[in-house]
Amino acid sequence: MTDEADGRLERLNEMLKRRGFLLPAFGIYGGAKGLYDFGPVGGRLRSRVNQAWLDHWLQLGNIVELSCPTVTPYEVLEASGHVGEFSDFMTTCKACGEASRADTLLEPHHPNPDALKRDELQTLLLSLNPECPACNASDWSDVVAQNLMFNTTIGSGSSGRAGFIRPETAQGMFTSFPSIYRHFRERLPFGAVQVGKGYRNEIAPRQGMIRLREFNMAELEYFIDPEAPVQVDLSPWQDQNITFISQDTPEFTSTIAKAHEDGIIHHPTVAQFLGMTYDFLANMGIMTSKIRFRQHEKDEMAHYAQDCWDIEILGSYGWIECVGVAHRGCYDLESHHKATGKSLHARREYAEPRMTTIDAWTINGATVGPTFKALAGAVKVAVEELPKDTEFPTQVTLSTGDVVTVEPQHVKPNQMVIKETGEWFIPHVIEPAFGIDRIIWHMIDHAYHESDKDGDVYTTMKLQQSVVPVDYAVFPLFEKDGMDELAMELHRSFCTTPGVVSMYDGSGSIGRRYARADEIGVPKCITIDHQSLEDRTVTVRNRDSGEQTRVSIDSLLQ
RNA sequence: GCGGAUAUGGUGAAGUGGUAUCAUAGGAGGUUUCCAACCUUUUGUCGUGGGUUCAACUCCCGCUAUCCGCACCA
């Protein structure tokens with residue numbers, strides 16, 4: 001990689017630490033693997049990206065924002081599949097102490113050990129007793145689940161309840177479905193967004209911000225009726241050429257609208273969300289030529305997904321997955337429904353009520369009950385399946401296997417018309433999930449600009465104006481004669497304007513101050529000089545062009 | 001997790017069995033200072049725990065962290 005060859009990545013990382021964008025967390029204790037601080041500059045950048053993300057998706061008009069706990073009961077993540085899917089089953093060689101994955105050890109002896117449960121792995125391990133790859137002994141400890149989620153106990157002592165710190169924000173939104181459904185007056189489609197932290201106890205966090213143990217994520221869960229016709233306007237994305245990698249085709253170029261027409265992107269809403277993701281990334285200053293869409297292979301898909309796309313961004317670490325758009329089907333709501341018995345259904349009204357006419361037999365409870373006792377329920381089911389022309393007495397075989405004789409006094413005609421106006425179903429979910437840290441990394445990576453200045457490297461952070469950590473830097477040319485007071489007055493005025501961040505800097509030569517401001521991407525530097533004291537005009541210097549214009553202070557504050 | 005390398009002011013580096021040097025950055029002051037100028041002055045460092053030693057930043061071991069491969073993971 002050329003980045004590494006010329007040291008750009010190294011210089012970038014140094015600058016991020018020095019200027020307070022990103023730094024290893026708890027540094028005075030030696031740091032902690034996979035944990036990062038957004039520093040004095042990065043903190044503001046992060047919150048602006050989060051806000052921009054929320055604003056972007058709230059535009060859909062049928063989205064609510066949620067904030068769910070990070071501490072999550074065990075059962076929730078068991079139902080979601082995370083307890084099973086996020087675990088590796090480990091066993092230790094009693095001879096040499098080497099830990100191995102049980103499924104890996106059994107691979108030569110079983111077609112698909114990855115799919116086995118813990119008990120099955122344990123049994124197989126005992127019976128097959130494979131050799132330790134390290135020392136060739138065959139003496140294994142019990143199989144234990146090593147989970148990628150952080151364990152915790154909710155409550156203390158014996159009354160404590162097992163839990164995890166969430167590995168994603170999604171589950172809280174699924175378990176909140178009834179409340180969201182009510183909020184939207186029971187009309188699909190609608191969605192919930194959440195920006196928050198997720199936690200995964202990664203075995204080997206690497207590559208700076210790319211794989212973290214605590215990370216910022218932003219997810220939208222969009223609930224749809226799988227049978228309702230979808231009207232999506234993909235025309236905004238009919239011109240941008242994008243690189244695709246799909247299941248069957250190697251890399252090719254197309255547009256989102258075309259890829260949907262061609263059946264590569266299956267669901268129109270998935271296509272729409274891919275388009276909106278593309279727009280968001282572009283708004284954040286990600287170079288669109290460094291974005292590509294990759295469809296998951298079928299065997300690569302996570303346990304919940306039906307169709308899944310990665311949006312990858314090219315940066316100093318190569319192509320990195322930064323966003324996933326997954327069609328999760330009904331997997332999540334159905335899992336939680338099964339685990340709790342609570343209704344997570346939505347109702348679909350028929351265009352016309354459906355009438356079902358029943359003209360057959362049913363039981364006479366007053367006689368069937370005393371006669372058949374415990375079998376009465378099964379008798380009812382059997383009798384109602386009999387054709388209308390059945391003559392009694394007759395013999396029927398029950399679902400229990402018993403054969404009973406049904407007498408005329410046990411039955412009566414059953415004639416009724418059932419009117420159904422609609423049906424209940426489990427909504428499907430389409431989920432765009434954003435790794436905010438990875439996106440911020442690439443925003444920084446793409447914005448980081450080096451130029452040559454008298455043989456030295458000059459750094460400019462060309463971040464998008466909408467997300468810059470500092471909007472204005474205010475410099476008095478000299479900190480005397482009242483220039484410092486006027487500068488401070490302007491700085492304070494900026495700071496009292498909602499949403500505006502200003503930085504006062506009176507230290508060092510003016511050129512040095514410009515350089516410091518450029519390095520953290522301040523778009524406008526304002527200098528107060530002698531003339532400012534006369535006529536309240538100041539110099540505004542543009543970050544990217546270096547151009548200076550003279551304007552009045554009052555026009556800046558409007 | 002395995003293998004290899006590394007850990008010295010905020011940042012980047014040099015160096016030694018007798019408590020350390022340089023650049024840069026930061027603070028104060030000066031300079032009519034508009035693109036990292038200059039002058040004076042000042043602040044601040046041997047990741048962590050243990051061992052060997054009269055003495056350890058230096059040698060040895062553990063831990064933690066970082067980087068590079070592999071593995072894992074999305």
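Every chain is numbered from 1 and lettered A, B, ... according to where its sequence line falls, protein lines coming before strand lines.
- Closest contact between the side chain of A:Asp529 and the listed nucleotides B:C34, B:G26, B:C35 involves B:C34.
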Worksheet item: Which dot-bracket string fits RNA chain B when only Watson-Crick or G-U wobble pairs with both atom distances under 3.5 Å count, crossing pairs get [ ], and | stands for a partner on a different strand?
Response: (((((((..((((....[..)))).(((((.......)))))....(((((..]....))))))))))))....
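- With sequence neighbours left out, the side-chain contact (heavy atoms from CB on, under 4.5 Å) criterion links A:Asn283 to A:His56.
- Straight-line distance from the CG atom of A:Asp452 to the P atom of B:A36: 13 Å, rounded to whole Å.
- Between A:Trp57 and A:Phe273, a ring centre-to-centre spacing shorter than 6.0 Å is recorded.
- Taking only side-chain atoms of A:Phe478, from C-beta outward, the nucleotide of B:A36, B:A74, B:U33 with the closest atom is B:U33.
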Under-3.5 Å N/O pairs linking protein and nucleotides 7-12 of chain B:
none

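- In this structure, A:Ser509 reaches the B:A37 phosphate: one of its side-chain N or O atoms is under 4.0 Å from OP1 or OP2.
- A side chain to side chain contact (heavy atoms under 4.5 Å, CB included) with A:Ile430 holds for exactly one of A:Ile224, A:Asp307, A:Leu220; it is A:Ile224.
- Counting to the nearest Å, the P atom of B:C67 and the CE atom of A:Met209 are 13 Å from each other.
- Rounding to whole angstrom units, CZ of residue A:Arg516 and C1' of B:C34 are separated by 14 Å.
- The CG atom of A:Leu23 sits 19 Å away from the P atom of B:G47 (whole-angstrom rounding).
- The separation of B:A71 from B:A56, taken at their P atoms, amounts to 45 Å, rounded to a whole angstrom.
- Following rounding to the nearest Å, A:Asp505 (CG) and B:A36 (P) show an atom-to-atom distance of 14 Å.
- The listed nucleotides are B:U32, B:A25, B:C34; the one nearest the side chain of A:Arg512 is B:A25.
- Distances shorter than 4.0 Å separate some side-chain N or O of A:Lys453 from OP1 or OP2 on B:A36.
- Residues A:Ala32 and A:Ala515 both approach RNA chain B. Their nearest nucleotides, taken by heavy-atom distance, put A:Ala515 toward the 5′ side.
- Distances were taken from every side-chain heavy atom of A:Thr527 (C-beta onward) to each of B:A74, B:A36, B:C34; the shortest belongs to B:C34.
- As judged by a 4.0 angstrom heavy-atom cut-off over every strand, A:Asp456 is placed among residues making no nucleic acid contact.
- Rounded to a whole angstrom, the distance from the P atom of B:U24 to that of B:C67 is 28 Å.
- Distances from the side chain of A:Ile510 to the nucleotides B:C34, B:A74, B:U32 place B:C34 closest.
- Salt bridge A:Arg44/A:Asp471: absent, no basic N to carboxylate O contact under 4.0 Å.
- The pair A:Asp505-A:Arg512 does not meet the salt-bridge criterion, since no charged nitrogen lies less than 4.0 angstrom from a carboxylate oxygen.
- Note: A:His530 and A:Phe478 have tilted aromatic rings, judged against thresholds of 30 and 60 degrees for the angle between ring planes.
- Comparing B:G27, B:C35, B:U32 against the side chain of A:Gln548 picks out B:C35 as the nearest.
- Residue side chain A:Asp518 does not reach the base of B:C35 through any donor-acceptor N/O pair under 3.5 Å, judged by distance alone.
- Rounded to whole Å, the separation between the P atoms of B:A23 and B:C39 comes to 12 Å.
- OP1 and OP2 of B:U33 both lie 4.0 Å or more from every side-chain N or O belonging to A:Lys480.
- Between A:His491 and A:Tyr472, the ring center distance fails the sub-6.0 Å criterion.
- Within 4.0 Å of A:Arg541, counting heavy atoms only, lies at least one base atom of the nucleic acid.
- Residue-environment remark: CZ (A:Arg492) stays at or below the threshold of 12 foreign heavy atoms within 6.0 Å.
- No donor-acceptor pair under 3.5 Å is formed between the side chain of A:Tyr36 and the backbone N or O of A:Phe215.
- Looking at heavy-atom distances under 4.0 Å, A:Gly435 makes no contact with the nucleic acid at all.
- Distance noted for atom P between B:G47 and B:A13: 14 Å (whole Å).
- The side chain of A:Lys33 lies closest to B:A65 when the candidates are B:U33, B:A74, B:A65.
- Looking at A:Arg438, its side chain never comes within 3.5 Å of a backbone N or O of A:Ile320 through a donor-acceptor pair.
- The distance from atom CG of A:Asn201 to atom P of B:G1 is 10 Å, rounded to the nearest whole Å.
- For the pair A:His530 and A:Arg19, both in contact range of RNA chain B, the more 5′-proximal nearest nucleotide belongs to A:His530.
- The aromatic rings of A:His336 and A:Phe174 are tilted relative to each other, their planes meeting at an angle between 30° and 60°.
- With B:C72, B:A36, B:A74 as the choices, the nucleotide that has an atom nearest any side-chain atom of A:Arg211 turns out to be B:C72.
- Between the P atom of B:C73 and the CZ atom of A:Arg438 lies a distance of 14 Å, rounded to the nearest Å.
- The residue A:Gly546 sits close to a base: some heavy atom pair falls under 4.0 Å.
- The aromatic rings of A:His428 and A:His327 sit tilted, their planes meeting at an angle between 30° and 60°.
- B:U52 and B:G26 have their P atoms separated by 45 Å, with the value rounded to a whole Å.
- Separation of the P atoms belonging to B:G49 and B:U8 is 16 Å when rounded to the nearest angstrom.
- For A:Arg513 against B:C34, a side-chain-to-base donor-acceptor contact under 3.5 Å is absent.
- Within the 4.0 angstrom heavy-atom criterion, no nucleotide atom of any strand lies near A:Gly27.
- One can place CZ of A:Phe475 at 12 Å from C1' of B:A36, the figure rounded to the nearest angstrom.
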